[in-house]
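The structure under discussion appears below in the form of structure tokens.
We name chains A, B, ... by the order of the sequence lines, and we start the count at 1 in each one.
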Protein chains: 2
Amino acid sequence: MPASRPLRADARRNREALLSAARQAFLSGDTDAHVEDIARSAGVAVGTFYRHFETREALMEEAYRKEVDVLCAAPVALLDQHAPDEALRRFLLLLVDHAAVGKGMSGVLEGIMATDSPVFDDARTRMAEALSLLLEAGSAAGTVRDDVTGSTLLRALGGVCGMRATEGWLVEARQITALLFDGLRHGAPQSP
Amino acid sequence: MPASRPLRADARRNREALLSAARQAFLSGDTDAHVEDIARSAGVAVGTFYRHFETREALMEEAYRKEVDVLCAAPVALLDQHAPDEALRRFLLLLVDHAAVGKGMSGVLEGIMATDSPVFDDARTRMAEALSLLLEAGSAAGTVRDDVTGSTLLRALGGVCGMRATEGWLVEARQITALLFDGLRHGAPQSP
DNA sequence: TCCATAAGGTGAGTCTGGTTCCGCTTACGT
DNA sequence: ACGTAAGCGGAACCAGACTCACCTTATGGA
């Protein structure tokens with residue numbers, strides 16, 4: 001199953017072009033760029049697009065996989081550097097910053113977190129696991145409540161990432177994460 | 001501008017039929033029922049549909065206005081009966097229960113809270129005001145932090161309402177509101 | 001070097017679903 | 001009754017995702 005065949009040179013080129021055209025469009029805020037436009041600006045026809053990507057949404061997932069990878073890798077590194085609760089706090093802020101990368105990214109994060117769209121199943125699962133890691137470390141250390149799962153927290157973050165382009169949204173987003181973070185500590189074994 | 005003319009009898013009948021067909025469909029989970037289906041099951045043609053509603057989305061807003069009204073009215077009553085923080089807590093749970101009414105309702109609440117769709121501008125504003133009322137009462141009483149606005153909290157609730165039909169989502173939703181509630185109290189003047 | 005051939009590309013066409021438009025119908029005031 | 005403005009129907013239109021039958025070309029072996 002891995003690399004059934006190495007993919008022809010022109011094919012790889014086109015695939016790459018499509019992906020980068022998509023990233024370009026999405027990051028610049030045009031989350032619902034038309035397939036035809038993406039294809040054209042990659043210099044290919046729609047048929048070619050569909051040779052490489054199952055559907056329009058599949059492309060979106062692919063386009064953002066890199067970002068999601070970065071995000072999902074963060075917890076391990078953070079836990080290495082900081083106490084669990086601090087690591088959690090930093091991760092939440094990281095999430096917000098990523099949502100800030102471009103209006104598009106925030107749309108995708110929203111798709112990941114706030115919907116059930118099967119397109120983002122994979123990303124959602126990995127993200128929930130990343131959060132679980134942090135929560136478990138925190139609750140083991142007794143600084144974070146232990147009755148919240150990664151997927152619950154993921155859900156709770158959905159709204160944050162849905163915020164786009166509103167005046168001063170970054171401030172709001174930071175406040176929300178602060179709110180959640182305080183809530184997470186509030187119920188911790190020793191504090192209430 | 002008010003009642004430019006009392007609307008002909010058959011027209012009112014049809015409008016009502018459309019609205020109720022839509023509510024029926026939406027509440028039973030089919031948030032993206034087709035205009036044609038709604039029209040048919042109301043016993044009219046699409047043309048009639050568009051005589052009464054600007055767009056498909058406009059219908060959705062209309063269909064849920066009643067629910068939103070109920071929700072927005074709650075804070076006043078709650079503040080009458082309970083201390084501000086308790087009123088806030090109850091309101092958050094009320095929101096969750098409303099989202100539970102039907103998969104459709106939760107979709108709409110999500111639309112209200114987690115997007116910028118102009119369709120829900122009105123509902124969003126009113127909801128934010130309702131939350132502000134509670135937050136202000138709470139912060140005046142010193143039991144709730146004072147650095148969070150209604151619209152911020154609204155955003156924070158976005159994810160909750162986006163949850164649909166997942167096994168045990170109600171429990172998750174309650175946990176998230178508890179999380180937010182604890183976070184809201186955590187930063188209150190006297191407690192930290 | 002050249003050919004055979006399978007991988008890749010093309011874009012007109014299909015399909016789905018929202019929206020428009022215009023001619024017919026009907027409620028309702030006189 | 002009747003005239004007419006308000007309503008209604010539904011075929012036509014349009015947008016945008018996706019398909020398919022056919023053409024083009026990279027590539028590996030003779």
Side-chain angles (χ1 to χ4, degrees), chain A residues 1-22 25-26 29-64 104 107-108 111 115 117-120, chain B residues 1-22 24-26 28-64 104 107-108 111 115 117-120:
Chain A
M1 183 165 292
S4 46
R5 202 146 302 189
L7 207 54
R8 232 167 70 175
D10 54 344
R12 191 172 54 262
R13 207 165 31 245
N14 283 339
R15 180 169 221 287
E16 221 46 54
L18 281 165
L19 221 37
S20 103
F26 293 166
D30 194 1
T31 332
D32 35 46
H34 303 321
V35 168
E36 186 135 358
D37 295 342
I38 292 174
R40 186 177 21 261
S41 79
V44 303
V46 279
T48 304
F49 177 98
Y50 283 100
R51 171 166 303 276
H52 292 290
F53 302 97
E54 197 72 13
T55 80
R56 190 181 166 288
E57 293 212 302
L59 169 75
M60 291 190 51
E61 183 178 14
E62 184 71 26
Y64 286 106
V108 169
T115 73
S117 159
V119 183
F120 297 116
Chain B
M1 182 166 293
S4 45
R5 201 147 303 187
L7 207 53
R8 231 166 71 175
D10 54 346
R12 190 171 58 259
R13 208 165 29 245
N14 283 339
R15 181 170 220 287
E16 220 44 56
L18 280 165
L19 221 37
S20 103
Q24 184 101 10
F26 293 165
S28 79
D30 194 2
T31 332
D32 35 47
H34 304 320
V35 169
E36 187 135 358
D37 295 343
I38 293 175
R40 189 180 14 265
S41 78
V44 302
V46 279
T48 304
F49 177 97
Y50 283 99
R51 168 163 304 273
H52 290 290
F53 303 96
E54 196 72 13
T55 79
R56 190 182 166 288
E57 292 213 304
L59 169 74
M60 291 190 51
E61 182 178 16
E62 184 71 26
Y64 286 107
V108 169
T115 73
S117 158
V119 182
F120 297 116

Checklist entry - Closest heavy-atom contact between A42(A) and A21(A)? => result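 Nearest heavy atoms, A42(A) then A21(A): CB-CB, 4.1 Å.
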May I ask you to evaluate whether [X] reaches the phosphate of [N], defined as a side-chain N or O under 4.0 Å from OP1 or OP2?
X: H52(B); N: dG7(D); answer: no
X: T48(A); N: dT10(C); answer: yes
X: H34(A); N: dA15(D); answer: no

Please report the distance, rounded to the nearest Å, between [atom1] in [X] and [atom2] in [N].
X: F53(A); N: dG8(C); atom1: CZ; atom2: C1'; answer: 14 Å
X: R12(A); N: dA7(C); atom1: CZ; atom2: C1'; answer: 14 Å
X: F49(B); N: dG10(D); atom1: CZ; atom2: P; answer: 17 Å
X: R15(A); N: dA7(C); atom1: CZ; atom2: P; answer: 17 Å
X: E16(A); N: dG9(C); atom1: CD; atom2: P; answer: 13 Å
X: Y50(B); N: dA12(D); atom1: OH; atom2: C1'; answer: 14 Å
X: E54(B); N: dT20(C); atom1: CD; atom2: C1'; answer: 12 Å
X: E36(A); N: dT10(C); atom1: CD; atom2: P; answer: 12 Å

Item to check | Pairwise 5' ranking along DNA chain C for R13(B) and D32(B), keeping only the more 5' one | outcome: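 It is D32(B) whose nearest nucleotide is closer to the 5' end.
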Item to check | Most 5' of D10(B) and R56(B) on DNA chain C, judged by nearest nucleotide | outcome: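 The residue closer to the strand's 5' end, by nearest nucleotide, is R56(B).
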Below 4.5 Å, heavy atoms only, C-beta onward: do [X] and [Y] meet side chain to side chain?
X: D30(B); Y: D37(B); result: no
X: N14(A); Y: F49(A); result: no
X: L19(A); Y: L59(A); result: yes
X: I38(B); Y: F26(B); result: yes

Next on the checklist: Expected output is a numbered-order residue list: members of residues 39-46 of chain A with a heavy atom under 4.0 Å from any atom of DNA chain C. What is it?
Outcome noted: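 Here the set is V44(A), A45(A), V46(A).
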Next on the checklist: Using only modelled atom types and a 3.5 angstrom limit, is any donor from either the side chain of R8(A) or the base of dT27(D) paired with an acceptor on the other?
Outcome noted: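 Not at all, since no donor on one side and acceptor on the other fall under 3.5 Å apart.
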Next on the checklist: Please report the interatomic distance OH(Y50(B)) to CZ(R56(B)), rounded to the nearest 0.5 Å.
Outcome noted: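 Taking OH in Y50(B) and CZ in R56(B), the distance rounds to 8.5 Å.
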Item to check | Residues, nucleotides or ligands: over 12 heavy atoms within 6.0 Å of E62(A) CD | outcome: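 Above 12, so yes.
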Checklist entry - Within the structure shown, what part of the strands sits under 4.0 Å from R51(A) by heavy-atom distance: base, sugar-phosphate, or nothing? => result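 Here R51(A) touches the bases of the nucleic acid.
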